[in-house]
Amino acid sequence: PASVPASPSTAASPSTSPSTEPSDIDSNDAMVTAGRLAAKEVEGGTVVSIESERDGWEVHVVTADGGEQELRINPSGTQVTAGPTDDRPDADDKAENKQFAGVDVDFAKAIEVTLEEVSDGLINEISLDTDNRRVVWEADVSSDSQQRTVQIDASSGKVLSNRIDD
């Protein structure tokens with residue numbers, strides 16, 4: 001039931017109000033918009049994490065050579081406020097980043113699958129990780145008064161777990 005593409009309500013409009021309106025940061029659509037913008041900013045890059053911050057979104061993008069760029073994006077996801085800046089990964093991180101750069105399920109599909117699993121959820125963070133030598137998307141989700149973690153196989157898009165955090 002959840003729609004991933006950004007809707008017109010998340011489109012940028014000139015404003016003189018502060019850029020920290022909760023309605024923007026508290027939006028799964030704005031998260032997708034921020035990820036798409038970051039992917040455009042780092043040519044050939046793969047978005048590996050998007051996290052809600054007090055002042056917008058922190059997005060990490062890796063390249064096929066294992067490099068990693070960090071971008072800060074405004075709450076609506078429509079404007080880069082800082083970066084891209086080189087995150088300077090060490091050799092182990094570069095090896096992991098190369099593995100992440102080739103995933104079949106991108107961040108937008110992972111968000112869509114997460115919202116199918118927790119339909120009333122607000123995703124606070126989604127990131128690629130390895131679990132038992134498998135690349136997975138891990139989403140931290142607020143739903144009702146619960147915090148949940150949803151884990152999705154980054155090759156198949158299959159939900160591997162949906163658990164309530166302690």
Side-chain angles (χ1 to χ4, degrees), residues 1-7 9-12 24-53 55-87 89 93-131 134-143 147-162:
S3 174
V4 172
S7 65
S9 64
T10 62
D24 288 338
I25 295 174
D26 294 342
S27 164
N28 294 316
D29 286 342
M31 176 180 261
V32 172
T33 302
R36 287 188 175 140
L37 177 59
K40 277 190 216 172
E41 290 290 319
V42 180
E43 190 174 330
T46 300
V47 173
V48 296
S49 73
I50 307 172
E51 182 175 6
S52 174
E53 297 285 339
D55 59 348
W57 304 97
E58 179 181 309
V59 184
H60 288 256
V61 181
V62 299
T63 53
D65 66 358
E68 185 170 349
Q69 300 288 317
E70 179 182 319
L71 297 92
R72 296 287 181 152
I73 297 178
N74 71 343
S76 62
T78 57
Q79 182 178 3
V80 175
T81 58
T85 55
D86 188 352
D87 212 28
D93 289 336
K94 277 190 173 192
E96 186 176 62
N97 288 348
K98 286 179 184 178
Q99 188 178 12
F100 290 167
V103 296
D104 295 322
V105 176
D106 72 356
F107 74 93
K109 181 64 176 175
I111 289 170
E112 178 183 322
V113 170
T114 299
L115 294 174
E116 288 170 359
E117 186 71 14
V118 186
S119 61
D120 64 341
L122 174 66
I123 303 171
N124 305 308
E125 178 179 7
I126 192 160
S127 60
L128 280 171
D129 200 359
T130 52
D131 185 37
R134 179 189 314 200
V135 178
V136 297
W137 282 103
E138 196 165 280
D140 296 335
V141 184
S142 299
S143 175
Q147 292 296 318
R148 305 187 74 82
T149 299
V150 177
Q151 202 174 61
I152 300 163
D153 185 299
S155 294
S156 68
K158 179 180 180 241
V159 175
L160 300 172
S161 67
N162 175 358

Pair Thr81, Ile73 - check side-chain contact (heavy atoms from CB on, under 4.5 Å), show working. CA-CA 5 Å; Thr81 58; Ile73 297 178; 5.7 Å; no
Which value, rounded to the nearest 0.5 Å, describes the distance between Asp140 atom CG and Ser52 atom OG? 11.0 Å
Are any non-hydrogen side-chain atoms of Gln151 and Val159 less than 4.5 angstrom apart? no
If only atom types and distance count, is the side chain of Thr33 paired as donor or acceptor with the main-chain N or O of Asp29 below 3.5 Å? yes
So which atom in Ile123 and which in Ala139 form the shortest heavy-atom distance, rounded to 0.1 Å? CG2-CB, 4.4 Å
Closest non-hydrogen contact found for Ala154 with Leu128 is CB-CD2, 3.9 Å
Chi angles and distances behind the side-chain contact (heavy atoms from CB on, under 4.5 Å) call for Asp86, Glu68: CA-CA 6 Å; Asp86 188 352; Glu68 185 170 349; 5.6 Å; no
Look at Glu70 together with Arg72 and state whether they make a salt bridge at an N to O cut-off of under 4.0 Å. yes
Start with the C-alpha gap between Thr63 and Thr46, add the side-chain angles, then the distance that decides, and say whether side-chain contact (heavy atoms from CB on, under 4.5 Å) holds. CA-CA 6 Å; Thr63 53; Thr46 300; over 6 Å; no
Side chain proximity check, Asn124 to Val141, heavy atoms < 4.5 angstrom: no
Check the pair Ser142 / Gln147 against side chain to side chain donor-acceptor pair (under 3.5 Å), numbers first and verdict last. CA-CA 5 Å; Ser142 299; Gln147 292 296 318; 2.9 Å; yes
In the structure I gave you, are the side-chain heavy atoms of Gln99 and Thr130 within less than 4.5 Å of one another anywhere? yes
Between Thr78 and Asn74, is there a side-chain donor-acceptor contact under 3.5 Å, judged purely by atom types and distance? yes
Grab the two heavy atoms, one from Val61 and one from Ala38, that are nearest each other, plus how far apart they are. CG2-CB, 3.9 Å
Measure across Phe107 and Val32 and return the closest heavy-atom pair with its distance rounded to 0.1 Å. CE1-O, 3.7 Å
side-chain contact (heavy atoms from CB on, under 4.5 Å) between Asp106 and Val47, intermediate numbers included: CA-CA 8 Å; Asp106 72 356; Val47 173; over 6 Å; no
Please report the shortest heavy-atom distance between Val42 and Gln69, naming the atom on each side. CG2-CB, 4.0 Å
Once you round to the nearest 0.5 Å, how far does CD of Glu53 lie from CD of Glu58? 5.0 Å
Has Asp131 got a side-chain atom pairing as donor or acceptor with Arg134's backbone, closer than 3.5 angstrom? no
Are any of the side-chain heavy atoms of Glu41 and Leu71 separated by less than 4.5 Å? yes
Over all heavy atoms of both residues, which pair between Ala108 and Arg36 is shortest? Give the atoms and the distance, please. CB-NH2, 4.3 Å
Going by heavy atoms in the side chains, are Asp120 and Val118 under 4.5 Å from each other? yes
Could you grab the distance from atom CD1 of Ile126 to atom CH2 of Trp137, nearest 0.5 Å is fine? 6.0 Å
Taking atom CG of Leu122 and atom OG of Ser143, what is their separation to the nearest 0.5 Å? 9.5 Å
Would you call Val80 and Leu37 a side-chain contact if the rule is heavy atoms closer than 4.5 Å? yes
Is the closest basic N to carboxylate O distance between Asp65 and Lys98 below 4.0 Å? no
Measuring from Asn28:CG to Ile111:CD1, what's the distance to the nearest 0.5 Å? 7.0 Å
Quick check for you: to the nearest 0.5 Å, what is the distance between Asn162 atom CG and Glu117 atom CD? 4.5 Å
